[in-house]
> 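What follows is a single structure, and I will ask about it in a moment.
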Amino acid sequence: MSTKDDSAALAVLGLGPAEQAAYELLVERSPAHLRELAEVWTRSEDLPLVLSTLEELGMVSAASRPPGKDVRYAAIAPTMALRSLLLDNMERLEATRRHVSVLEAAYRARPVGHEESTPVEVVTGARAVRQRLIQLHRWARHQVRSLDRYPHLDASGDAGGEGRPDRDLVQRTVYDRSSLNHPGALVAVERRIRTGEQARILPQLALTLHLADDRLAVLPVTETTALVVRPSALLDALITLFEGFWQRAVPLRSPVDLSASSERSTADAQRLVTLLLSGVTDAAIARQLGLSYRTVQRHVAALMAEMGTHTRFQAGVQAALRERNHSRGSSAA
């Protein structure tokens, strides 16, 4: 009857797998004698002991036990049986919340230690670095700014950084060209753009950086070492560095801007222009678009001829300008 999520939900109330299985069995068959339940009980735990625990919790009732008679059990209605457990759990959570508030007050009132008195903290260990990235995303109130190089160090736990906070945060990311060198990367970035991320790209970034508002920065040095930078002149410099990269970077956008009836070739043409502006090689473009290397070369050559340019980058610039002017003309109309 239960799913994995259901089991986790009832586990929060203090019910183990055996107690949940026995209660669900009674919900389906209630009332039932012990021998009837034992015939379908498949777990290794002692069924009478499990039922006794449920009886103590007020989740099942047992009929009178005359000598020589089999005990008959009945499930108490879930709204009644689980309500008391829910209320108890809510009381414990509230007590925990109050205790956390007391601990937080004590933490803030303590003498400032070495870690808080210095603007830079060195964090070592892959797990510790990841935890600081998770904290950075949770602490951000207005925006998260990132400089992203491959391989990624992301708080979401996936290489492409799919996970984003479900709060109303502005997410701005500047991607290094290397971020688009592996298959499926551009599609993943486009998917994040459709969920609200503002994305741009540069041919080369010197570092990976994550900023939470103007309050905190995590600067990964390696996959197992990072610098955590608090408000200071260094943090101001990192913010200025990001904004400088952002101004120079080429905007990325998703082909979702095209009409629903647009053919894939139109979307691929738009992606081709983006990738050319980003300085991505023909081989990388072929991987992103799922085309052969020679086919990409033909498309690039055709675009250069159409735009009357001598370089790939110039062709991308001219095509982007043409597309922008077309979009403005359509909007004005």
Side-chain angles (χ1 to χ4, degrees), residues 1-107 123-139 154-167 223-224:
M1 177 190 299
S2 65
T3 65
K4 182 178 180 180
D5 291 339
D6 295 333
S7 301
L10 293 182
V12 171
L13 300 180
L15 292 179
E19 286 76 20
Q20 180 177 337
Y23 181 69
E24 291 182 349
L25 186 62
L26 268 176
V27 167
E28 294 175 345
R29 298 170 177 269
S30 183
H33 289 89
L34 178 59
R35 55 180 172 76
E36 296 172 333
L37 298 173
E39 290 176 356
V40 294
W41 182 250
T42 58
R43 299 186 61 89
S44 60
E45 293 87 351
D46 183 65
L47 179 58
L49 182 61
V50 173
L51 292 171
S52 177
T53 299
L54 291 176
E55 188 177 359
E56 293 176 3
L57 291 173
M59 297 180 65
V60 304
S61 63
S64 58
R65 300 179 173 87
K69 296 292 184 179
D70 189 15
V71 183
R72 190 174 71 166
Y73 291 91
I76 303 299
T79 52
M80 295 180 59
L82 299 178
R83 180 177 174 80
S84 61
L85 294 179
L86 283 169
L87 292 175
D88 290 343
N89 197 55
M90 291 173 63
E91 291 177 359
R92 288 193 293 269
L93 286 174
E94 177 59 23
T96 301
R97 187 195 64 78
R98 291 195 298 268
H99 187 59
V100 169
S101 298
V102 172
L103 291 175
E104 178 67 17
Y107 178 81
V123 178
T124 58
R127 183 175 181 179
V129 170
R130 171 179 162 77
Q131 183 62 36
R132 289 308 177 97
L133 287 173
I134 293 174
Q135 291 174 348
L136 180 144
H137 280 78
R138 289 176 177 172
W139 288 343
D154 189 84
S156 64
D158 62 88
E162 297 294 332
R164 295 299 175 201
D166 56 358
R167 293 169 287 128
E223 291 187 6
T224 58

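Note: hydrogens, waters and symmetry copies are ignored here, and every other heavy atom, side chains too, is used. These numbers were taken from a predicted model, which means no experiment stands behind them.
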> What pairs with Val40 under side chain to side chain contact (heavy atoms under 4.5 Å, CB included), at least two apart in sequence or on another chain?
Leu25, Arg29

> Which heavy atom of Ala18 sits nearest to which heavy atom of Val50, and what is that distance?
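Closest heavy-atom pair between Ala18 and Val50: O-CG1, 3.6 Å.
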
> Of all heavy-atom pairs between Tyr23 and Ala77, which one has the smallest distance, and what is that distance?
OH-C, 3.7 Å

> To the nearest 0.5 angstrom, please state how far the CG atom of Leu54 sits from the CG atom of Leu15.
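So the CG of Leu54 and the CG of Leu15 are separated by 7.0 Å.
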
> For Glu94, check salt bridge (Lys or Arg N to Asp or Glu O under 4.0 Å) against everything at least two apart and list the hits.
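Salt bridge (Lys or Arg N to Asp or Glu O under 4.0 Å) list for Glu94, sorted by chain: Arg97, Arg98.
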
> Which residue pairs satisfy the salt bridge (Lys or Arg N to Asp or Glu O under 4.0 Å) criterion with at least one member in residues 37-52, sequence neighbours excluded?
Arg43-Glu45

> Taking side chain to side chain contact (heavy atoms under 4.5 Å, CB included) as the test, write out the residues that go with Arg127, two or more places apart.
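Side chain to side chain contact (heavy atoms under 4.5 Å, CB included) list for Arg127, sorted by chain: empty.
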
> So, using side chain to side chain contact (heavy atoms under 4.5 Å, CB included) as the criterion, who are the partners of Ser52 when residues are at least two apart?
Glu56

> Nearest heavy-atom pair of Ala32 and Leu37: which atoms, and what distance?
CB-CD2, 3.8 Å

> Testing the basics here: between Ser30 and Ala75, what is the closest heavy-atom pair and its distance to 0.1 Å?
OG-N, 2.8 Å

> With a 4.5 Å limit on heavy-atom distance, are the side chains of Glu55 and Val60 in contact?
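Heavy-atom side-chain distance check passes, below 4.5 Å.
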
> Could you list the residues that satisfy side chain to side chain contact (heavy atoms under 4.5 Å, CB included) with Leu34, not counting sequence neighbours?
Leu47, Pro48, Leu51, Asp70, Tyr73

> Would you compute the distance between atom CG of Leu87 and atom CZ of Arg92 and round it to the nearest 0.5 angstrom?
10.5 Å

